[in-house]
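These notes concern the structure reproduced below.
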Amino acid sequence: MSQITKQNLNDSCIQIEILNEKLIKPSLPTQKNLNSYKLSFFDQIVPNFAVPLLYFYPPVPPENSNLQSDESVHKQLQNSLSEILTKFYPLAGRLSEDGTCIECQDQGVIYLEAKVNCKLNEFLDKAYKDTDLVKLFVPPIRIRLAELPNRPMMAIQATMFEHGGLALAVQMVHTLGDGFSGCAFTDEWAKVSRMEKGNARNLQFHSDLAEVFPPKDNVFEMVKKGRPRGYEMKIATRIFMFDEVAISKLKENVNKSLSYSSKVEVVTALIWRSLMRVVRLRQGKNRPSMLQFAMNLRGRGSPKLVGEDQNFFGNFYLDIPIKCVPSHINQDLELHEIVTLIRNAKNKTQSDIANASSEEIFSILIESLNQIREGYNDDEIDLYPTSSLCRFPLNESDFGWAEPIWVSRVNVPFQMFFLMDSKSGIEARVCLNVDDMIKLENDADIVEFSYVPK
C-alpha cells in the first residue's frame, strides 16, 4: 500500500508515505476468563477522541549492528509490541456493540510502516515554531468512540527519516486509558523491546474496577451540554519552554509565602495569570476565570475501594473546576495566591474522595463536570482546560538504542494548555485564539520566565 500526506515546510514539502499496514496481535492467546473487559464509569465519561503521543528518536548508532536497517527496527518494534499486548490485552480487543465492555479476542492493533522525505534535524528545526507539523506523523486512522465497534482501539505509526531517526506515534482511544496509561504503556513496551523486564511498574488492568465503579445507564443525561471555547475561533498554538533556572526562581518567589510549591503548580499558575492578564488587556478589566484541571487520582483513591496499589491502567482521573474571581479590576493576583487556589482545590478533591463510596465518587465526578460545563456556557467566565504529563514515564522510553530526543502532543482546535517534562524543565503547549496569542507572547511573565525553542 502507499498513501502520501503532504504539508509545506518553509517552501519545501514534507511527504510521508505509508508503506505497509499490519495488524499486530498478542503473542499468546488471551485467557478465556479475560475475554470480556468491563468498562467503568470513569471510562464511560471520558471525551470522545483518540489520544496520540509522538516520540522522536535519533538514528540507531553503528554499534547496534542488529538494527541497521529500517526492516530490522520495524521487526523489533512489532515483535515487542506483540509481546507487551499479552499484558495489555484489551488494547488488542474491540468495543462491544452495547459499549459496556471490550471484547478481548486478540483482534489486534494497527501498525503502520512509513517514511518521510526529510532529515530528523530539519524537521525538529521547524517543528517547535510550526506546531501543526507533528500531526503529519499521527496515524491517518479514525478511532472515534462512535465508530469503535469492530474498529481497533489503538493505532501506531513508525516513520523513518532520511539518513536515520524515527518518529513513533502511539494513538490510543481515550475509552481505554488516560494520559498516564498511554505513557506507561509505551514505557513498558520499550522495556520489552530492549529485553528488560516489562513489569517494573507492576502496571495491571484491574478487571474488577468496573465492579467498583460500574457504568451508568443514564450518565449522559446527568451531564450538561457544553464544550471548550475556541471551536468558533481561529486557534494559534505556541510552545513555551520553562527551564530549571526559571522554575527555581518561580518556586523561590512563591515559597516566600508558602512552605512548598511544585514545578507544575508554579508553571500552571504563571500561565493562568498571564492568560487572565491577556483578557484584561482585551476587556479593559479583570474577569472571572476557571481552570479545568485534570487531576490524576492514582494514590489518592480510597484504598478500601481500589486497594493500596493504585498503579493501574485505565481512566482514573477527575477534571476539577478551579475558579478565580479577582478582587481588583485592574490588578494581578500574586503568584502564591493562584498556587494556593490550585492546591486548595486539589486538596479538597483528595479529601472528598479519600473515604468516599463509589456512588459518592460518581456524584463528585458529575458535579465537577457540570460546574465545568456551566463555565463553558457562561460568556462572563473565561475557561481553560489544562493537563499535565509531568512526572509520567515519557522521556525514558528507550526501545534499545536511545531515549527519545523529543516527546510531543498534538494541537487541539480549542483553547487549552498542556504541560510535559522536557530535558531542561517543562514544555508548555498553549492553544489560544490568534489575537490573544499575540498578547500572550508579549506578556511580561512569559517573556521573563520562558523561551521559544529555536
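Worth saying up front: this structure is predicted, and the values here are computed from it rather than measured.
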Between R94 and G108, is there a donor-acceptor pair closer than 3.5 Å when you use the side chain of the first and the backbone of the second? yes

Nearest 0.5 Å, what's the OG-CD1 distance between S424 and I426? 10.0 Å

Strictly distance-based, threshold 3.5 Å: is any side-chain N or O of R373 a donor or acceptor partner for the main-chain N or O of K224? yes

Show, in sequence, the C-alpha distance, side-chain angles and deciding distance for F42 and Y317, and conclude whether the ring pair (Phe, Tyr, Trp, His ring centres under 6.0 Å) test is met. CA-CA 8 Å; F42 282 103; Y317 76 97; 7.8 Å; no

Under a 3.5 Å threshold, yes or no: a donor from one side chain and an acceptor from the other, between S368 and D319? no

Between Q76 and S193, is the side-chain hydrogen bond (donor to acceptor under 3.5 Å, both in side chains) condition met? List the steps. CA-CA 7 Å; Q76 178 160 319; S193 178; 3.1 Å; yes

Keeping R273 on the side-chain end and L333 on the backbone end, is there a donor-acceptor pair under 3.5 Å? yes

Decide, yes or no, whether a salt bridge links D332 with R280 under the criterion of side-chain N to carboxylate O below 4.0 Å. yes

Answer yes or no: is there a donor N or O on one side and an acceptor on the other, between the side chain of S289 and the main chain of C324, under 3.5 Å? no

One pair to check against salt bridge (Lys or Arg N to Asp or Glu O under 4.0 Å): D421 and K263. What are the steps and the verdict? CA-CA 10 Å; D421 286 321; K263 64 179 183 178; 2.8 Å; yes

K25, NZ: over 12 other non-hydrogen atoms inside 6.0 angstrom: no

Could you walk me through whether E359 and S357 pass side-chain hydrogen bond (donor to acceptor under 3.5 Å, both in side chains), step by step? CA-CA 5 Å; E359 286 300 317; S357 66; over 6 Å; no

Separation between OG (S408) and NZ (K135), nearest 0.5 Å, reads 11.0 Å

Is the backbone of A236 close enough, under 3.5 Å, to the side chain of N433 for a donor and an acceptor to pair up by distance? no

Just by distance, do the side chain of Q107 and the backbone of Q105 share a donor-acceptor pair under 3.5 Å? yes

With a 3.5 Å distance limit and no angle check, can you tell me whether N370 reaches the backbone of M222 through a side-chain donor-acceptor pair? yes

Salt bridge present between E211 and K38 (N-O < 4.0 angstrom): no

Give, for atom CZ of R282 and atom NZ of K439, the distance between the pair rounded to the nearest 0.5 Å. 7.0 Å

Any luck finding a side-chain donor-acceptor pair between D352 and T349 under 3.5 Å? no

As a quick check of understanding, evaluate side-chain contact (heavy atoms from CB on, under 4.5 Å) for Q157 and I18, giving each step before the final call. CA-CA 9 Å; Q157 181 172 319; I18 307 298; 3.7 Å; yes

Derivation and outcome, side-chain contact (heavy atoms from CB on, under 4.5 Å), residues I353 and I364: CA-CA 8 Å; I353 69 170; I364 292 168; 3.9 Å; yes

Shortest non-hydrogen pair, P404 vs L394, comes out as CG-O, 3.9 Å

Does N347 CG have over 12 foreign heavy atoms under 6.0 Å away? yes

Go through the steps to decide whether S82 and N79 satisfy the test side-chain hydrogen bond (donor to acceptor under 3.5 Å, both in side chains), and finish with yes or no. CA-CA 5 Å; S82 179; N79 288 344; over 6 Å; no

Test ring-ring contact (aromatic ring centres under 6.0 Å, His included), reference F137, set Y55, F56, Y57, output is F56

Regarding E403 and K423, does a basic nitrogen lie under 4.0 Å from an acidic carboxylate oxygen? yes

Start with the C-alpha distance between T237 and V430, add both sets of side-chain angles, then the distance that settles side-chain contact (heavy atoms from CB on, under 4.5 Å), and finish with yes or no. CA-CA 5 Å; T237 301; V430 182; over 6 Å; no

Taking everything shown except R391 itself, do over 12 heavy atoms lie less than 6.0 Å from its CZ? no

Quick one: OG1 on T186 to CD on E396, what's the gap to the nearest 0.5 Å? 12.0 Å

Would you please say whether a donor-acceptor pair under 3.5 Å links the side chains of N315 and H174? yes

Just by modelled atom types, is the L419 backbone N or O under 3.5 Å from a matching donor or acceptor in the R429 side chain? no

Quick one: does NZ or CZ of R298 land under 6.0 Å from the six-membered ring centre of F312, within 45 degrees of the ring axis? yes

Reported CE-to-CZ distance for the pair M416 and F418, which is rounded to 0.5 angstrom: 4.0 Å

Are more than 12 heavy atoms, taken from residues, nucleotides or ligands other than K285, located less than 6.0 Å from that residue's NZ atom? no

Euclidean distance, M437 CE relative to D443 CG, rounded to 0.5 Å: 12.0 Å

SB check D445 R277 (cutoff 4.0 Å): yes

Hey, would you say the F240 and F417 ring centroids sit under 6.0 Å apart? no

Output, in order, the C-alpha distance, side-chain angles, deciding distance and verdict of side-chain contact (heavy atoms from CB on, under 4.5 Å) for L275 and V278. CA-CA 5 Å; L275 290 169; V278 164; 5.5 Å; no

Backbone N/O of Q331 and side chain of N286: donor-acceptor pair under 3.5 Å: yes

Heavy-atom pair of closest approach, residues A356 and L305: O-CD1, 3.2 Å

Going by distance alone, is a donor N or O of one side chain under 3.5 Å from an acceptor N or O of the other, for Q292 and Y376? yes

Presence of salt bridge, K191 and D187, under 4.0 angstrom: yes

Determine whether T175 and D43 satisfy the following criterion, side-chain hydrogen bond (donor to acceptor under 3.5 Å, both in side chains), listing intermediate values before the conclusion. CA-CA 5 Å; T175 305; D43 301 320; over 6 Å; no

Describe, in one word, how the ring planes of Y128 and W406 are oriented to each other, choosing from parallel (under 30°), tilted (30 to 60°) and perpendicular (over 60°). tilted

Neighbour count above 12 (heavy atom, 6.0 Å) for Q283 CD: yes

If you draw the axis of the six-membered ring of F449, does the NZ or CZ of K249 fall within 45° of it and under 6.0 Å from the ring centre? no

Within a radius of less than 6.0 Å around CD of E252, do more than 12 heavy atoms belonging to other residues, nucleotides or ligands occur? no

Do the charged groups of E265 and K251 touch, with an N to O distance under 4.0 Å? no

Are the side chain of D398 and the backbone N or O of A402 linked by a donor-acceptor pair below 3.5 Å? yes

Give a yes or no on whether a salt bridge exists between R287 and D382, defined as a side-chain N under 4.0 angstrom from a carboxylate O. yes

Ring centroid separation F88 to W189 under 6.0 Å: no

